[in-house]
A.B. asks: 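Dropping the structure in here first, questions after.
Chain identifiers are assigned alphabetically (A, B, ...) following the order of the sequence lines, protein sequences preceding nucleic acid strands; residue numbering begins at 1 within each chain. Note that the structure is predicted; figures quoted are calculated from it, not measured.
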Amino acid sequence: MDIFKKKLVSFIKAVIKEKKNIDISDEESEKLIKNPPDVSFGDYSLASYYLARYGFKGKPEDIAEEIFNFFAPNFADIEELFDKIEIKGAYVNFFVNKEKFASFVVRDVTDSGGDYGRGAPQKPLKVIIDFSSPNIAKPFGVGHLRSTVIGMSLSKIYEFCGHNAIKINYLGDFGTQFGKLITAFCRYGDIDFSEFEKDPVKILYGLYVRIHKDEQADATVEEEAKNRFKTLEDFISVNKRSFEEYLGGVNSVNNINGKNIENGSGGEADSACASGNTKLSGENKNFFCGTPEGQYNLWKLFRKLSIDEFKRIYESIGIEFDAYEGEAYSAEFSKDIKEILLESGIAEISEGAVIVNVKGVKAPALIAKSDGTSLYLSRDIVTAVSRMAKYNFDKMIYVVGSEQALHFSQLFGIFGKLKENIQKIKDNPNFKNYASIIDGRLVHVKFGRIIGMSTRKGNLVFLEDYIEEARIKAKEKLEERPKILGGDLNALNPDIEPGVNKEPAESENEQIYSTSLKVGVGAVIFNDLKTRRTTDVNFSWDNVLSFEGQTGPYLQYTVSRINSLVSKLGVPDSKGKNPDVAFSKNDADFNDIFLIARQIAFFGDALNEAMEQNEPSVLSSYALELASLFNKYYQNYRLIGNAKDYVEPRFFMLSAVRMVLIRILNLLCVPVLERM
RNA sequence: GCGUUCAUAGCUCAGUUGGAUAGAGCAACAGCCUUCUAAGCUGUGGGUCGCAGGUUCGAAUCCUGCUGGACGCACCA
């Protein structure tokens, strides 16, 4: 919060104390302060109708008058920072001293040394963010991009606000679908193993599409797939220890900063057959298709190949995880969950299957199938309890599409029911401990569908092709630029002096490649983060490939422009620490500088709102507005060629804009370019 | 049928959680590059906030009904 708002907060507290003898907190007081829709109304306003809750009575206009009459004689208290107070209808409007305001904000950003807006809560929360979660053996499509970028962005936002984010990728690596995949692999004898090694995920996807088609005509497919899945699950859970035992040991691995870094291995599931034969060929097909151990190895191989592929893609768009988990990991304990829930009466048997009736949800929650195999709901229960044991989280966010809203309301409802009935569970002290405190800490961050593609029909758009398309468009745009095409290609590379030391053509192409790739990736990612999560996205190439207006490249471009200008201006002597920044309202550009400073001052609010609502798009809109204000300024006023004491404060203003924009681009996973 | 969710300019979307005159960007049209990057800037046109009621000082926002779309609803994930 800036000092101006702080001043108002205490001013308003004072009036409520004086008039109604009520003490309100800073937070309450701050909530009463709004930003008027138009700067001509003032910079902050107090809406009198909010005061009704503190006992002020009468028409809003009269309350406003009463407040105003109190403020006016006490104006000296805030005179240092404010120019005037006005009454307008139901509002009391405050006008800041614009010169002081602009100077304060610019200096505030500059002094923060790149950390402007970073939060430092008294008690940082431990927040698990479960996102991306692709299904193995399927290509990474644009559908997964949304969860991936929303989750990654939220992780960064929580971290920047001072909390601990734990990023988990929960792979869809289990379930009947893998029975189907193994069935496909074993039924179709025409797999080219050398091709398979080259692009395994594509081949696996082909199998997936093919078996789905055959399933329609051939009823034995489903039968075989179910059996194979059962074999797989039985093989994995021929175990060794109970969930209770597992929970007893797991929190000992909890380390200091709350992060448990796991690699992409399958956790427990891996150890079941670590030395397995995973080299595929035509000869050992009998082993893979005919024995439980072979099938397990086959599944494990599919899993590994998929993860390798995912990691390559994540790296290319700057996504990383603290842990890779998988459903298979939890499958081992799904039987324990089933028994606990049944024994305690939380679950019941219906039509041979195990179900839980959850308060407020009509559809029964299915825990286990009538053939005894697990369903993903039961695996999610296991996972949540394991994570509580392991991380002791304050909050766990699932970034999953809104089509799974029912699933999550069932999952959350089950933890509510567990909490209520915890004493009915016999033994299992560890389980009771962890399971009872989960209720209320789970959040489903849902998002709308991308309309226009589907895996079943086989017309899935692969993420890599999608980015490639954007990259090519960016390259075309880049090559249209006269400066770059005409002569100075090296202008793209800040490390090379223009005109000197010309690099060979190949390197120039590399520059173009990397620049256009960053623009393409930026366009694609920003496109997913600029609208509110819950709205469905009508997929359109025209939209994604437009780099003008409200787009990622527009923001990247704005930063590049500032970079260029700043380097031409040269860094002032004061080097940026505690600079002497002062603006004069007599300068022609002052009003625009003020508007920029005002927008910068809103950054903290935008950040908070983005976190509270788990909504990165709040930052997207904010950044677009800031960039737009800057571009208007840039267009209308020239800096180069002016006197030093005119340029210097503006230099810091430019740097402040750049700092905030770069921060937001980072938070939104949009690459930042030096030049473009 | 039940449930969830959405409907704002031709198109894509904002709209400070019930507040001041409903805003941007695309697209269309008209302008601005010998001067800090034109992926930019300026201007014009474009609205019964799906429809009908209700709640109150005040509704795009809240409640009810209707219309239309999306998604989900027992052994997939």
A.B. asks: Suppose we screen for ring-ring contact (aromatic ring centres under 6.0 Å, His included). Which residues come up paired with A/F651, at least two apart in sequence or across chains?
C.D. replies: none

A.B. asks: For nucleotides 24-33 of chain B, tabulate all protein N/O to nucleotide N/O atom pairs closer than 3.5 Å, reporting atom names and distance.
C.D. replies:
| unit_1 | atom_1 | unit_2 | atom_2 | d |
| --- | --- | --- | --- | --- |
| B/A24 | O2' | A/Q550 | NE2 | 2.8 |
| B/A24 | N3 | A/Q550 | NE2 | 3.4 |
| B/G25 | O4' | A/Q550 | NE2 | 3.2 |
| B/G25 | O2' | A/Q550 | N | 3.2 |

A.B. asks: With sequence neighbours left out, write down each residue that passes salt bridge (Lys or Arg N to Asp or Glu O under 4.0 Å) with A/E339, or none if nothing qualifies.
C.D. replies: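 Salt bridge (Lys or Arg N to Asp or Glu O under 4.0 Å) list for A/E339, sorted by chain: empty.
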
A.B. asks: Write out a two-atom table: protein N or O, nucleotide N or O from nucleotides 55-64 of chain B, distance below 3.5 Å.
C.D. replies:
none

A.B. asks: So what is the 5' to 3' dot-bracket string for RNA chain B, if pairs are Watson-Crick or G-U wobble with both distances under 3.5 Å, crossing pairs use [ ] and | means the partner sits on another strand?
C.D. replies: (((((.(..((((.....[...)))).(((((.......))))).....(((((..]....)))))).)))))....

A.B. asks: Check salt bridge (Lys or Arg N to Asp or Glu O under 4.0 Å) between A/K475 and all other residues, then give those that pass, not counting sequence neighbours.
C.D. replies: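 Per chain and number, A/K475 pairs via salt bridge (Lys or Arg N to Asp or Glu O under 4.0 Å) with A/E479.
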
A.B. asks: Who pairs with A/D587 by salt bridge (Lys or Arg N to Asp or Glu O under 4.0 Å), at least two apart in sequence or on another chain?
C.D. replies: A/R650

A.B. asks: Under the rule for ring-ring contact (aromatic ring centres under 6.0 Å, His included), what residues qualify as partners of A/F140, not counting sequence neighbours?
C.D. replies: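 By the ring-ring contact (aromatic ring centres under 6.0 Å, His included) rule, A/F140 matches A/H144, A/F310, A/Y314.
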
A.B. asks: Are any protein N/O atoms closer than 3.5 Å to N/O atoms in nucleotides 69-74 of chain B? If there are, list each pair with its distance.
C.D. replies:
| unit_1 | atom_1 | unit_2 | atom_2 | d |
| --- | --- | --- | --- | --- |
| B/A70 | O2' | A/D536 | OD2 | 3.2 |
| B/A74 | N1 | A/S350 | OG | 2.9 |

A.B. asks: With sequence neighbours left out, write down each residue that passes salt bridge (Lys or Arg N to Asp or Glu O under 4.0 Å) with A/D214, or none if nothing qualifies.
C.D. replies: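 Counting only residues at least two positions away or on another chain, A/D214 forms no salt bridge (Lys or Arg N to Asp or Glu O under 4.0 Å).
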
A.B. asks: For A/F56, enumerate each residue passing the ring-ring contact (aromatic ring centres under 6.0 Å, His included) test, keeping only those at least two apart in sequence or located in another chain.
C.D. replies: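 For A/F56 there are no ring-ring contact (aromatic ring centres under 6.0 Å, His included) partners, ignoring immediate neighbours.
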
A.B. asks: List the atom pairs, with distances to 0.1 Å, where a side-chain N or O of residues 351-368 of chain A and a protein N or O form a donor-acceptor pair under 3.5 Å, not counting sequence neighbours.
C.D. replies:
| unit_1 | atom_1 | unit_2 | atom_2 | d |
| --- | --- | --- | --- | --- |
| A/N357 | ND2 | A/E348 | OE2 | 3.3 |
| A/K359 | NZ | A/E420 | OE2 | 3.2 |

